[in-house]
Every structure is written in structure tokens, then in C-alpha cells.
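To start, the structure itself, in C-alpha cells.
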Amino acid sequence: MAGSSKKIVAKTRRVLGLFGDFDQAFEVIAGIRRYQVPGLTVDDVTLKSPIEHPEIEDVLGERPTDIPKFAFWGGLFGLVFGFLFLAGAQANFLVQPQGGKPVITIPSNVVLAYEMMILFGVLSTLAGFIIGGRLMRKSSGLYDTAITVDQIGIVIEVTDKQYQPLTELFKKHNVIEMHEEALS
Amino acid sequence: MSKTKINRRNFLKVLGLGGAGAALAGCDMPSTVTLEEGEEKIYSYLAPEEYVIPGVGVWYASTCLQCPAACGTHGRVREGRVLKLEGNPDSAVNAGKLCQMGQAALQAHFNPDRITAPLINGQPASWDDALALINEKASGGNVAWMTGTVSGHQRVLLDAHLAATGKGHHYAVETVNARAWTDAGKTVLGDAMPTLHLDKAKAVLSLGADLLGTWISPVTFMGQYGKFRAAPRGVLIMVEPAMSLTGANADQWVAAKPGTEAAVALGVGHLLMTKHGLSLNGMPNATSAFQSMTPAQVHEIAGVSEAALNKIADTLVSHSPSLVIANASHAAARIAMVLNIMLGNVGKTLTPGASIAADPLAPMMGSSKDLAEFAQNAAAGKIDAVFISGANPAFVAPQGLDMAAALKAVGFKVAIATCHDETTKACDVVLPLSSALEDWGTHVPAYGGKPGVVHLQQPLMEPLHADTRGLGDILLTLGKSAGVDGLDAFEDYYGYLRTAVSAMIGSELEGDWHRVLQAGQFETRAASRAFSAGHDVALGFSETAVSGLHLVTVARQGLYDGRHANSSWLQEAPDQISKAVWDSWAEIHPKTAASLNLKDGDYVRLTTASGAITTRVFIYKGVHPNAVCVPMGRGHTDYGRWANNGVNPLTIVDAHLGDWQSSEIIATASLVKIDAAGENRHLVRLMDTDQQYGRKLVATIPAQQFGRTQGGA
Amino acid sequence: MSDRKHLTREQTKDIDENIAWASINTDVLRSMENPRRGYWVAMAVSVCLFSVMIYAEVYQYMYGMGAALLNTSHMWDLYISTFVFWIGMSHSGTLLSAILHLVHADWRKPIYRFAEAMTTFSLMTAGIFPVIHLGRVWNFYWVMPYMTDRGIWPNFRSPLIWDAFAITTYLTSSVLFLYIGMIPDLAICRDNAKGWRKPLYTWLSLGWRGDDRQWRNFRFTYLMIACFLIPLAVSVHSIVSMDFAMSIMPGWHVTTFPPYFVAGALYSGCAAIITLFILLRYFFKFEHYMTFPILDKVCKLTFVIAMVWTYLNLVEFASVWYGHDIPSKEVLIAKATGPYSPFFWGMMTFGSVLPFSLLSKWVRRNMYVLFFASIFLNVGMWLERWMIVTPTLSLGYHPQAFNVMWPGWTEWAMVGGSFGWFGMLFLIFVKVFPCVSMYEVKEMVFHRKRTIYEDVDEMMTLHSGVPGPKAQAQTQTSGGA
Amino acid sequence: MSTERSKRKPFPWVQAAVAAVVVGASIVLGAQIFERQLHPESAGVAPAPRVPGAEFPTDTFAGKDVEQPINYSHKLHAGDLGINCLYCHTYARRSKVAGIPPTAKCMGCHTVVGTDKPEIEKLTQMWQSNQSPAWNKVNDVPDFVHFSHERHLQKFLFDNPEMDIKNAPDVCAMCHGDMNQVGVAKKMKPLTMGFCVRCHESNQGPSDCTRCHK
Amino acid sequence: MSSLLGNIFKGWSDYTKGNEEGGHHDYEHMYAMVIDLDMCTGCNACSTACYAENNLATVGEEYFGARQAMHWMRIERYFDEPNVGEAEADTQSRGASFLPMMCQHCNAAPCEPVCPVAATYHTPDGLNAQIYNRCIGSRYCANNCPFRVRYFNFYDHQETAWPAPMEQQLNPDISVRSKGVMEKCTFCIQRTRAARNTAKNEGRAIRDGEIQTACQQTCPTSAILFGDLLDETSAVHQAWKRHQVQLGKYAQNKTNPELRGYRIFEELNVDTKVLYLERVREV
């Protein structure tokens, strides 16, 4: 949640505005998009919501995710590793002649490699989720339990100059509550 | 000779499990750490023979005493323990083969229920006390011996002991015997034990002689049977009331009413005369007997169809030379002998036997006649003391003989036995006998050996129980105290035996003795016999057994007459015919079952004039509708942990129905009544089906095809 | 909330769009607290059953597998059939969650959570059976491919190893699927929790703050795992079927087994969903979320799958019947006429005839009838598994081994105990985790309202001057805050 | 806030695939190499004995002290006096077990040598009373393992052109460690299946399970 | 390590070779058996010899009744003989058919690929081996055996089957199995091993007839023949050849279809190594 500090002017505080309705939050972000708050772009906005809002991407813009890559590579690794592992194990197993079957049995290894592909795919996806979703990290303090109930929060880091216009924009769209904290 | 003995004994020392103990608990258990140091003990040898190597098995020759056939064996000995028995390939009796009873001799030896110390009135005692008591009570008067079949030097010592103690008699008891056959042989051909050439016969007709199962020397006969079945293939015909192992291998199996095999045999003779024009020269009695038994009469008496009878006669004529054997009754056996004469088999498939020249060694073949005589004499108070060894009269005697009372009437009874049984329980003194694998002995096979060959029995291991003694040693001790001449020179039976054998092989040399030990047998002078011309004996048969349900008690290879019931291997080896294990059953025909409304596994009460037993029925077609067949061997009450199951059909055999011309107790003569006993429990069998359900498991082909492909007839 | 009239059997909407979001939280969180007496009774019963299972296992461990009356012909019996049964049960979660998620059937949202939990717990139950049926349970880990200097590996040709791989994968994946889908709800729990629950949910929710970044990644993750799960679920049950299909035994070596098993799995899973649906609705008063229209849909789905299963079943019979593999035919005939025939016909009745009752709207909307119907459907499916395993073993190829056996007490104890174990896990679950997905119900409400109201709202305002539902909802939502 | 979306490059498919294969293969093969090769010699007890043409595991095992009825010293007999292993353990060349020498063999010397020592007196007493000492087994393998001394001696000693019977201690030491160094026998090699298998692999011994497990 | 790829290729070429030349196996020996059913009298001697040789536990009536017995060699008895016409309806008119049934040591053994831990596999001797200490008791192998000749230790039998001093009889050359493991006929592998050892010490090949299985050795009618099928001079090889039965085929193409040799369940293509010779009946 920590914003990047690429801007020249130091951001001094972080503001959380809570809204009762998705449409209002949408409007706020749309406002920011329209540069109603000077210097703020949608990239500075973090939306916190009780449910998932894919529609928000209309206004927030497309933000990429690496999950499919994680899934793909995890799965591919599982497949290759699985097959090599099994083949290696079979070829060097002391006990080789088995019921007239060859040493490396393709059908069984396909089945097992398939399972390994899924297992590693899933595990890798989970890893991708934890990394990409910035989970298991210390979070910023700005949070309200109402978010998990029914309110939508918008978190923005602003400079002193931007604070006032932002508050106005929030209020214009019926902000229910506002929290803020100073950035050190 | 005592020096040899010490060496001999040393190699047998159990000490020295030389690093490879019994591989018990071969698979790991979670709690067992198998790689422990210092958890197992190793005992080293003291001073072993050079050829004794721990971890390497050595084979020693000996003789099997599981049945009277006396097959030669090889025992594998490792670390002083005998592990496995095989047939002795040099023995002419069994040619390296062994039956399941022979295999199970190991279990008789290692049996957990062995007697380990002498008992006086059931209390452990010392040998000295026991022998003193025997000397006191059984040194004079009418001292009898009861044994199974005995031969060799044990018989010599036994006879000597009897002679020394005075008026005693030797009763040799064998429930499973060939007395009918031997008597008939003696009567008709003048040879009690003619040599049979199954392998040369092209057809064999057996009238109740279970030659593959229990008759005389089954392993010998099975060896010959193998050759008999090779091209040109012989035909086996069996006539009997209930299927035996031989019947189960017969090409033609003819179910006759119990006790009517003789009639069938006469009928066959009738057809041979009338249809095939054979004749009996100089035997008018026999000729008239044959002529008077028409196939129609046979059908009426024995329930055997004329077609079956014709088939038998045709086969015997077309497959010449043939062989007719019988054990069903004395009558049947005599007729069989005469049929052999008529078919011209004598001299071809039936040749004179041979015996060893030293007659005292010859086997004393047991019979059930001796059992009945013993019971009568004992009850009459004619026996003051008896030594019982190798026989279990309390078990095998029918209730009609009242053996319990008979034994009670004997003042002093000594049992010499390896295991407790019903008889030892009734005896005053019980002497612990070494097992057959711990004992020395010489045995003359009753049948099948090379002429003049004596089998040597040598211990395969040190006695398991220190306080047991061999039969020979006991006989020697008894003989010495009875004052038998010439025994004082011998310290033990081994010494006696070695001297005797050395005399017989004509060599005192150590090397020759070792060769005998190695071979497990030695040759002595054989006395060949000859047939006398066919005696024209009276042929006939008892007509007591032609209607009503009859009890048929049969012995099967396995438990035999019950002496092997304390072997878990044999208890668990499925009966060859019914495939049942661990319990008794009564075989009845489906028709009989239907008329009595019985199903498989129903308990029935079989009642004869002598008593009743309750067992489960096994319904199948291999038994005559007039017969109820109960195999013997089970029904022990006091014979170790494995034997106490099932019922003993011998107890209800009607003892007073003797055979036609002998006082043998016969197994097929008791009228029996069947009552459902209510309960039903599945008979435990190896398999619950008789059918192959179209699978090609045991494929069968006609003999013609065999003839075409294997060059047979 | 106040008006329960619309929650009756005549209800037509899957969910009341006007339900307040806050009350969703309240309702679900309430269900996780203060277990009532019924809960403890259920728990006690489950623990008792499970204890019997433990006892039976200890007994079997001490005395050997013979205690189960298994024998040379019947090396497998109830252990394996119950294993297959539980594996089948585990397919419901995947079906409802993953497949319906991919096809955007949003009515799954109130009910998928417990279905997924069921998946996980049935797998954990199923996983017990291959282990306890081992003769030497203490060596069960030998089926795992781990490095050892002995140079020995498991035999990768064995379908049992495939099972081990498949179940491990499936268990891992479905636990993760359940867990990932629950993270936003765990955040809700965290925000409302007190006492020991607080650190638990804090830890489990992984710092979920509802950021758009988190939601976005969440969406993709959930979708990806759903994509992985569907082929996985299909493979898991077809691999289980290969335990049989890869053998040479008559009645087992059947090519239709993989789809047949998958269909059977979905079937029993659906039936189990109906059972648990009704129980949860009744005990937790989830009438607002687990509504009759949703139940109706589940029932229809069940019927469809039942018909697929029946079809595959008949196809299997037909192929055996028209084939000339005599042993297979014998097994089939013996199933229908032999000693096991009551169970076979029970399976056919419960599995193929009973589902037709689901065609009746009265049945679909009658909780009591449906409850028992769903139980019997599952009894039928359990019988199906038993009828797959045992009749084949009672016949097979070799007549000597033809044998009819009935399970021993340890087998019944373990079968019963497996229900206890499952019940125990499920009971713990419903009190520790939200068994209705709160955020997704909110989504469902949100989207339904939007899609319905977008056009209606304007019309209503235009024609009647009355504020449209959208406006109403707005006030209601903010009022509920 | 990530803004890298603007500078997205085509993904390096080929390189990544190669990398995945390499990683996977190296894990498998690395594990094989690590696990299947002979373990490096661990510090301590004895230098590896020399048996030409044979490679064998050098890992050692610190066996516990096993108490024996007679404190027989291998160091004295085999080490100091230089008695060949096969002189006493004579069965080793003819049987699967090496065996404990018969008491007669001990008495061969000890009727004359060292008769006054207390341990020898113990032995003499046992001999005279026809008793065998009850030795505790030190090198024990599970009962389902059927190891043959004969076969191994044959291969490494008698069939080995570079070896002479006097080299027997070197061959014995492959599995038993340097017995010349210890007093009462002690287990000095792990004798686990891994130990056996590694040796079999490096010396082309049979890999058929039934050779040892029957 | 270097063997990794080598093993892969070797295994594969062996396999393809096996497909091309029916019955090819890269084995040192291939022990096989011939049983003449016309000689077999069903006397059980082989079965009991097997108990003695192979440390088989007796289980008692209760467990036998529960079909938990472990008789590696069992003698089955059938009464129907479809090939030579039905016997008389109400009474038996000929004997029974006996079938000694033990592990058939299939070359394509269905039990082998299904064992999860590879406790059963094919040895270079062409034997189907069971490694007791590796077995975890999944019992899949037994389920997949069409002959039902794999026996499971449902209990520990040490105490009851070999009460002291009977444990002294146990053959130390093979393991005594404890509960939870599968066991089966091994063609007396301990005897094979011993003969191989002797032959190796004497620097020669194993002679035909040098290895005798316990059942063969005791069989009173010599109905059982055992030997190396790869050794063209062996009696077993001769018998297989004489009866025109070849490995690797599920239907034999005999020039003389009347020859007696056949294998049980040949149509399952498990490639058994026990050749049975049909029983003959005089009809």
C-alpha cells in the first residue's frame, strides 16, 4: 500500500475515505482521473472494498497481474520435473523387470506427471498470489473494519497541497468517514 | 564302538546355531529394532566333525516310520536340527519320493505335546523308578506286547523279551491293513505278499484296495502308477462303495453297495467265462462260483449295472496283461486272486515276492483281528501285564470290544509312546519314547523293497528331550532285566544294532558301517519264493451287507488311522476327496441326502448297534447311495493340541460283524441310521465348488487322443 | 430479515437482493458462535463413532487384517469401497465451486463454501482408508517417492501410487482452494473476532485489507486454481477407477470405469450437498442464503448427473452383456441374482429410480422428504462402490476362490467411524470458519441488483415517480452500516 | 504502485523452458549422485583397508560395547599375534555364516598357552564341563537378510588374482572394520541396506532383491 | 549415475525386443515347470512338502474356514469334465480331476505392476519374486491374480503354528513371514540359490535337474518337472517344445492341436510358466 515516491513533492499524509456505495467511490476515482485533484492520478489510488469490483478497472485502468504466469510456469515445471524425476527414479531402481513392462513406463508417468503439473501449478499460483497480492506483509495503519462490512474505502497519499481538494472531492461524493495519518 | 558313538553324537549337538538362528519373525515390526547388537546368542561347537559346518545342510539317510511301508528317507540336518525329509533315492521302496505322512514325520518329532519324562500313574518319575516298577510287575506271568507293525532288530528283541518273560503273546494291531489280500495270497497262490507289477499292467481292477492312498506301500504303488499312466497308458478300474484316492484316479469308478465287491468280482468272472470264453482249469469250485453269479444277480446284490460289469470284463480282456487286486474283504481278495489266474496275469503282473533270509527280522504285519483277540483275552483276565507301543487300542477299538474294560482288566500296563494319547492315559507306566528321527533301528519293508534289503533307521538329531529313549534301548533294557541271553554285552541298542548289522553285511569295518549309514539300507541274503499252483478255494461272500444304509469307515492318506492327527500339517492338508480340513464329515450320496432332506453342512447323528456319532454331512456323487462314508483319523480326546476335533467312526463300527472267514473287523458292515441333528455349519473345505465353470483348469482328453499323440495305445 | 414470508417454498428468487450487507456478516458470524445443545450432541455422536474406529484400528493392528474377515479371495472389501465413496463425495466442492464458478452460475455463492469444506474433509476421510487397509500400516510412507540410499523407490506403475499422488495433489489443491476463497471472509472474521479467534484469523487472513490489488490477484488466483481443479478432480476419480480398471479382474477391467466413477462421484457429492444444505439451513437459520430456489437448482443438477450415472451404468452392463467374456458376464449375473443381489438392486433403486422423485417440485421444495431422499441417494452410491469391489472378488477367474464374504465388525466400525471423523471435522469447521461465503453473497446481491435494476430503476422512476429499487437499496445499505 | 506495465517485453520462452528442464534434471540427478555414491570417509576410526579392484563404503559405525562370556581380544590375537581371521572363523569360506570357532580350536593353543590367565581359566572350565560359551552376537543383520560370507570371500579374496589368503583381514574389514584395533568385538560398520547396496553398485554385485531377501 | 540414460535405453530396447520376438526376456535363466495331470493323483504330498520346506504356517480350522489359509501349493479337485462328455447323472462314473495350483510365475505377471512398493517383481531368473520385508500389505497383487495363489498373512502365526520346540524345524534359509505381508510360491528360491552357489564355486553352469523344488522332489508319481526353460537341453524345455507351447503367446499355434500341453488362463496373456499336461480319460 505504500505508494511510490516518484513525485518530486513529498507526500505528507495518507487519507482514507469511506463511502457507502460503489457508485460514489467510482465517481471519486473518476474525479481523480479527471485531475480534479491536481497532481493526483489514478495510479495513486488504492481501493479497499468488501467485495471484488472488476468494474473498477474501467476507471482505475488495467493493472496487470502475474498470476497466470506463475500458474503456467509452475505447471510446466511440475510436468517436466515430475517426468524426469519419475524416469530417473525408475531407471535407477534396483528392481527393473516388472510384469513385462518397460523400465520407463510412459502411461503411468504421464498420469503422475499430470498430477505433479497440477500440484506445482497450484502451489506456484498460491505463491504468485501471496507475492502479487502483497499478502503477509506489514500493512499501513489506515484501515477500517467497515470495509469488511459494506463500505468502500479509497486510500490516497497526498501532499499538503492536494489534501484540501481531495477532501472536497470526497465530501462531494458523500464520504461517510475520513481517516488520515501522517507519513513519516 | 563307543568311540564312534561319541563322534556320532557330537555332530548332532544342538549347540552351535552357528550364527544363523531360526529365521523367526522375518519381517520387521514397528517396535522391533532388528539391527541390535548383543541381542542374540551364538553357541559355538565344542569339537565338531570336520564336515559339520554351521549354515550348511547335510543329508543323512534314515527310514520313515509314519506307516508300515518303511520308506527310506533323507533328512536335511543343519546346526544339529533336522529341517526337512525327502525320500531316499536309493531305496527301492520309494525311490526318492515321500508321501505327505512321511513329510509330516518332522511334526511328529518336533511335536510340542511330546512326553518328556517317564510317568507312573500320571506322575513324572525317573527311569529307574519306572523300570523298577516294570521289573516288579511285568517280569513273569502272562506279559503281552501290543504294537503296530514291527520288523527288524526291534522285533528280534521284542520276541526275545516275550520268550524270556514266558507265556506272553504279541498282538500287532493295524486298523489299516492288507490282511485280506495277504491271506488270500497265501490261500490261493501260497504267497502272502506277491509282487505286483502295476507298471507292466495295461489294466488294473481294484476291489476296494486303495493302492494310491493307504494300501500296503502307497509310495511304491504311486511310483509304479506314474509308469502305468505313461504310454501305453493303463486303465484303472475301481470298485468300492465310497471313493478313495485310487477311485478318484480311476478311469472307471464303480460304486458298489458296501460289502458287495466280492459279488462284483464274481460277476466279472462270470462274464469272462461266458462272454470271453476264459476258463479256470482245475478249479471247479471257483468255476461254479463264477457261473452262479449272473450279471443280473450282481445288479441286484451290488447295485452295479450290467453295462458297467461288461465294460470291466471287456477292458480286462482287451488290456492284457491286467491285474486284479482287492482289499475289500477276504472273499473279494480271494476272487481277485482267482481272476488273476483266469486272466493269465500270474507270472506277468503278479510274480512271487521275496523276503529276507533272516526271518526273525521280517515284518510282523498288524491286523485288527489281533485287536479283537487282545480285547477278548484281556477281558477274560488272561493278560497280566502288557507293553503297548505304536498302537492306540483305546482309540481304534470299536465300542463293541469295550476296550476300556479290557484294559482295566489288565493288571499292569506300560505304554511306550512319544505323545500322550487315549491309551497312555489308561496305562500305569508311560515311558517316553524317542521320536523316529532320534532313534536307531532296522526295518524290513513289508513290500516293494529290493529283495533282501533292510532299511536302516538312524537318528537325524540329538534327542530333543533328554529323558526320552529309543524303542530299541528300552527293549534292550527290558530284555536284559528279563534275562535274555547275550544282551549284557551291549551297552545300548546302537551297539547291539551295529554288531548285528555288521554280522549281516559280513564286515566289522568302520568304512562299511559308514557306507550303510550313508545308504540308509543294506543288503542281506534274499529268499525268493514261488507260487504254488492255484488252490481251488471256496469262493463266496457274506450277504449280510446288501440292503439298508451302511457305515463305511475309510482311512485316507494323511491322518491314516488317527495316528497322525496330532500334526497340524496333516490336519490342514485337505482331505483328497472332500477337501475338508480340521474336522470330520460324513459323505453321503445326493439321493440319500434328498430322501433325508439334508443339505451340505447339516449335522447328523449316525447310529449303529454300537453307538452314535454326530458330524456334518458332505454330499457328493462319489459314494454309493447305500453307504455313509466317514473317514477315520479324527475324534481324538487326548492326543495333543491339534488332534481333538471331529469324530471317530471306528467307535461305532459293529465289532461283532466279522468278515466272512476271518475275525477281522471290517469297515463296511455296520448298518447305520441317519438322523438330522438340527444344526448346520459350513464344512470347512479348501474349495466349495466341484465345477470348473467352463474354465480350462483341468482339461481332459480321451485316451484315444493320448494314444495318437503320445504313442500309447 | 423481518419478513420471512418470502422464504417459503414458493420463493422464486435465488436470493433477496435487498438483504443488508451488514446482516450477512451478522448472520454468518452468529452461526460460528455459541454452539447449542444440538451441536454438542452431534459432536458427541461423531466423537463416539470415531472412537470406535480408533478402537477397531488398534484391534486390527494388534491382531491382523483377518479381524476384518478379509480372505484370500476378498483382499479388499469395505475399506476400499468406502475409500472410493469418500473420494466420490469430495467431488461436490470442485463441481459447485470450480465448474459453476467458471460458467458464472452465481447461485453457487451461498453454498459453495461448505461444499468445498466437504471436499476437503471427505478427502481427509478417504485418505485414511488406503492407509488402514494396509497389512503393515506402519510402513505406509513407503509409497512416497523419497530419496534413500537403499536405491529403492515406489513402483510408479501401480495405480495405488497414482492414487497416492492424485490424492495428495487433490487434498493440497482443494485445501488451498478452500482457504484462498475464504481469505476475504477470514478478514471479516478477524475484524469481528475476540479472544483466541483474533490471532487465528489475523494469522490466517494473511493481512487481507481488501485492496484492489489483492482483489485483482485474488480473482486470478481463484480462477487459475479453479481451472487446475477441474481436470484434477476428473483425474482423481478416474485414477481411483483405475485401481479397478487397470486390473485384469472380470467386472473391474472395464473401459467405461473412469467416466463412470467421475459421474458417480459428482452424483454422491451433489446428494451430500443437499443433505448438508438442509442441515445447515435448518440449524443455522440460513434461510436467507440457502434458499429453496438454489436447492431447486442443486436438485435438478443432481437429477441430471444421476441420469448420466445411470446411463454409464447401463452402458457398462450392456457392454459386458453383449461381450463374450464369460467371467465378466458371470460377475454381472451374480450381481443381479447372487447373494449380493439385494444390495445390487438397492443400488439400482436408490441410484437410478429414486432420483426421478427430484422431478417433482413438491419434493424439491420439501426439506424433510429431500433430506431423506438425499441420504438414500448416498446410500445407493455407497452400495454402488461395494457392489463394484466385492462381487468381482467373490467370483473372479478361479473357481477354487469363489467365495461369498460378509464384512467383519472392524470393517463396519471403520465405515461408521469414517462418518464420525467426517462429522467431527465438519462440525469443527462450521464453528471456526464461516460456512457461507459472506463476501460472495454480497457480490451476488450486488451484481443481481445491478443487473436487474439498471434497466428497471429508470422505468419505475419514469412511470410511477416512486424511487426505484436501486434508490431503495442505497438507503438500506447505508442504513445497515 | 507498479507501473512496469508500460515496459513489458516478450517473455523469453526458450530460455525459460531450458532453465526449467535444467533445474528439474539437476534436482533429480543431483539427488541421485548425492544419495547413490559412496559416502565420503568419515573422520575417525580406521584407514580404509585395501582390496584391489573393489570399492566399498567407508562409513563407520560406533557400535556399543557388547559384553561377552570371555573377554576375547581381537587386537591381541589378530592384531599383535597376526592370526588370520580365517584361522578361527574358518566357516566363512564354506558357509553363509562365519561362525564362532569351536572350543576345541581355542583349546588347541590354550592347553599350553596362557593357562594361568583368568579368562583362559574360564574357557578351560567350560571346555572341561562340556559347555559352550554363550557368545553375544555383535554383527547382526535382520532375519530376513541372507548374507553369505562364502560368496563374498570368494569374490574379493579367492577369485581376486591380486589377493592372497593372507590378505583376508582386508576383505573382512570391508564390512567389519579393522578388528585388529579392537579388543572384544564391536560393530564398526553400519551394515544397513544402504551400506550393502552402495557396495553392490560400485562392485557390480547383484541388484536382485532375492539374492539377499528370501 | 552414468547408468541413468543407459538404463533407460536398455530397458526400452529390451521391451521392444520383447514385443517383436514373442516371449523374449533378458533373463539369465527362466525357471519353469511342467505338471502332468494324468500322473497327478492328488495325494497332497507336494503340498505338505511345501509346508515343510517353506515355513508355511498352519492356521487352524477357524481361519481356514475364513479362507485365510496359506497353502502355497494347493491341490484342487473338480468333478466335471466337459471335454469327455458328462458323467452319469446320479453317480460318479469316473474319478475326480486334481489340479496342483501354485504361483504360475507369469512372465507378464499381473501382480507385479500393481504393487505400490515393488515388493513383487521379476528376478533375472525369470521368477516372480515376493520380497516380504518390502511388502506393506496393500494386497493389490492378490486381487489382481487370476489364479488366486497369493496368500496374505492375516495374522501372526508364529505362536500357534510353531509352538516350541517346533520352531526348530523352520528352514533358516528363508524368512518366516509375520502378519501383514503377502507370500506365495517361490519355486523354492532358496534351492535355486544354493544350486547356483555350488555351481559358481565349482565354476560351471547349473545342471538340469540339479535344482529340485520341494514339490517335485517328493511327488510320488514324478508328475512335476522343473528346470530352466532357456536351457535347450533341459527336460522342461524339451517338454514345452514337444507339446508345442511357446512363451509370449496367448493362443498356441500347434501343428498338432491334440498335444496335451496347455497353460491355464492362457487367454489372459499373463504368460504363465507352468505347463500342464491334460488329464487323460478312458471313455
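Since this is a predicted model, take the numbers as computed values, not measurements. We name chains A, B, ... by the order of the sequence lines, and we start the count at 1 in each one.
- One distance of note links CD1 of Ile326(C) with OH of Tyr693(B); it measures 14.5 Å at 0.5 Å rounding.
- Applying the 6.0 Å contact sphere to CH2 of Trp321(C) captures no more than 12 heavy atoms from other residues, nucleotides or ligands.
- When the shell of 6.0 Å around CZ of Phe419(C) is examined, it contains more than 12 heavy atoms from other residues, nucleotides or ligands.
- Looking at heavy atoms from C-beta onward, Leu686(B) lies in side-chain contact with Gln400(C) at the 4.5 angstrom threshold.
- In terms of modelled atom types and a separation under 3.5 Å, the side chain of Arg695(B) and the main chain of Tyr397(C) share a donor-acceptor contact.
- Residue Thr689(B) comes nearest to Pro399(C) through the heavy atom pair CG2-O, 3.3 Å, listed as atom of the first residue, atom of the second, then distance.
- A 6.0 Å sphere centred on CZ of Phe140(C) holds no more than 12 heavy atoms belonging to other residues, nucleotides or ligands.
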